[in-house]
Every structure is written in structure tokens, then in C-alpha cells.
Amino acid sequence: MTYLTQRTTQRAADRAEEQRRAAALAEERRAEQIRTVLEFIRFALEAEGVAHARPPEWEVGDEWYRTARPAMDGLRIAENGVHLLCATGLHAPTTAYARALNRQSARSTIKRAWPSAWNRSRWSS
């Protein structure tokens, strides 16, 4: 009888420990997802600021570009983090927002490099 009592008690303790570990793992994943989304928002705000500060004409290598490049790279890395760690419902909005910021920050270069294509495409977007 004591053997059965000890075995039942041990099983209950093992199940409780397993449930505690599963809950702790779920909480760690949730915290990591929240950090990932916050990182995406931080980089998105930085990239948005860079896009708004874009001069009408700029060249690769000038001061604005040196500021914009790390911001846009960080945004792409944060977007990939969202794709890897977060729910699939966040994938499309983060990709759409990152691409919109990228288009906005690069718009004047496209206009200057391909003016005829720019004029045709700017009304279709």
C-alpha cells in the first residue's frame, strides 16, 4: 500500500513539474515574441523618421544615406524576426509596412534614375 501511495504521489509531483515547465516555456516564448514586436516597432519608427528626413535629392554615400542604411537594415532584420518568432497574422502587416517605408525612403532615387518609368508608375500605386 505504501508503494502505491508513493508511486501515485511521485506521478502527481512529476505531472505538476511538467506543467510548471510547460507554463514557464510558454511564458518565455510569449516574452520573446513581445520583445520581437517591440524591436520591430522601434526600428519602424526609426526608419519612418529617416524617410521623413529624406532630402529631395540624395546620393549613395551622403550623410542621409549613411543614416538611412542602418535604419532600413535594422527594419529588415526586425521584420524577419517577426516572421520567425510571431504568429502568422503579423507577417503580412509587418511586411507591408516595411516595404512601404522602403519605397518612401527610396522614392526620389527611383524618380531621378528612371523618370519616364516613375511618371507612369506613380499614378498606378
Side-chain angles (χ1 to χ4, degrees):
M1 184 92 141
T2 44
Y3 170 75
L4 290 175
T5 304
Q6 289 176 347
R7 185 171 176 201
T8 304
T9 303
Q10 184 61 41
R11 279 183 167 172
D14 290 345
R15 279 193 301 267
E17 178 64 22
E18 185 61 35
Q19 289 173 349
R20 187 196 63 74
R21 284 184 190 156
L25 181 61
E27 183 58 33
E28 286 176 26
R29 286 183 179 165
R30 181 177 169 273
E32 186 175 30
Q33 290 171 346
I34 290 171
R35 281 192 305 271
T36 301
V37 170
L38 289 175
E39 181 178 294
F40 175 81
I41 292 169
R42 182 178 67 82
F43 278 110
L45 290 173
E46 184 180 345
E48 189 175 325
V50 167
H52 285 296
R54 176 186 47 103
E57 297 294 325
W58 58 274
E59 299 290 332
V60 172
D62 69 6
E63 185 175 337
W64 178 83
Y65 180 80
R66 287 191 303 271
T67 304
R69 181 67 188 247
M72 297 310 293
D73 288 347
L75 181 63
R76 278 192 284 289
I77 291 168
E79 176 192 355
N80 289 337
V82 169
H83 282 260
L84 289 173
L85 299 174
C86 296
T88 56
L90 291 175
H91 297 178
T94 56
T95 299
Y97 190 68
R99 287 182 180 166
L101 284 174
N102 194 33
R103 278 193 308 273
Q104 181 60 33
S105 67
R107 200 167 284 258
S108 70
T109 300
I110 294 169
K111 181 179 179 182
R112 202 174 29 168
W114 300 287
S116 61
W118 168 259
N119 289 332
R120 282 192 305 268
S121 68
R122 75 176 180 182
W123 301 111
S124 62
S125 56

Requested in this report: Could you check if a side-chain atom of Q33 sits within less than 4.5 angstrom of a side-chain atom of V37, using non-hydrogen atoms only?
Outcome: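 No, side chains not in contact.
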
Partner set under side chain to side chain donor-acceptor pair (under 3.5 Å) for [X], not counting sequence neighbours:
X	answer
H91	none
D62	none
R69	Y65, D73
T67	none

Query raised in the report: L85: which other cluster members, linking ILVMFWY side chains closer than 4.5 Å, directly or transitively?
Result: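 Cluster partners of L85: L84.
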
Query raised in the report: Rest of the hydrophobic cluster containing L38 (Ile/Leu/Val/Met/Phe/Trp/Tyr, side-chain heavy atoms under 4.5 Å)?
Result: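 Besides L38, the hydrophobic cluster comprises I34, listed by chain and residue number.
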
Using every non-hydrogen atom in the two residues, find where [X] and [Y] come nearest and quote the distance to one decimal.
X	Y	value
T36	V82	CG2-N, 3.5 Å
L4	T8	O-OG1, 2.8 Å
F43	A78	CD1-CB, 3.9 Å

Query - salt bridge (Lys or Arg N to Asp or Glu O under 4.0 Å) pairs, two or more places apart, involving residues 31-52 - result: none

**Report entry** salt bridge (Lys or Arg N to Asp or Glu O under 4.0 Å): pairs with one or both residues in residues 3-23, sequence neighbours excluded
**Finding:** E17-R20, E17-R21

Query raised in the report: Under a 4.5 Å side-chain heavy-atom rule over Ile, Leu, Val, Met, Phe, Trp and Tyr, are V50 and M72 clustered together?
Result: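 As far as the 4.5 Å side-chain criterion goes, M72 and V50 are not connected within one cluster.
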
[X]: which residues meet the side-chain contact (heavy atoms from CB on, under 4.5 Å) condition with it, sequence neighbours left out?
X	value
A44	F40, L75, Y97, L101
R99	T95, R103
I77	none

Requested in this report: Please collect all ring pair (Phe, Tyr, Trp, His ring centres under 6.0 Å) contacts where either partner lies in residues 4-34, sequence neighbours excluded, each pair once.
Outcome: none

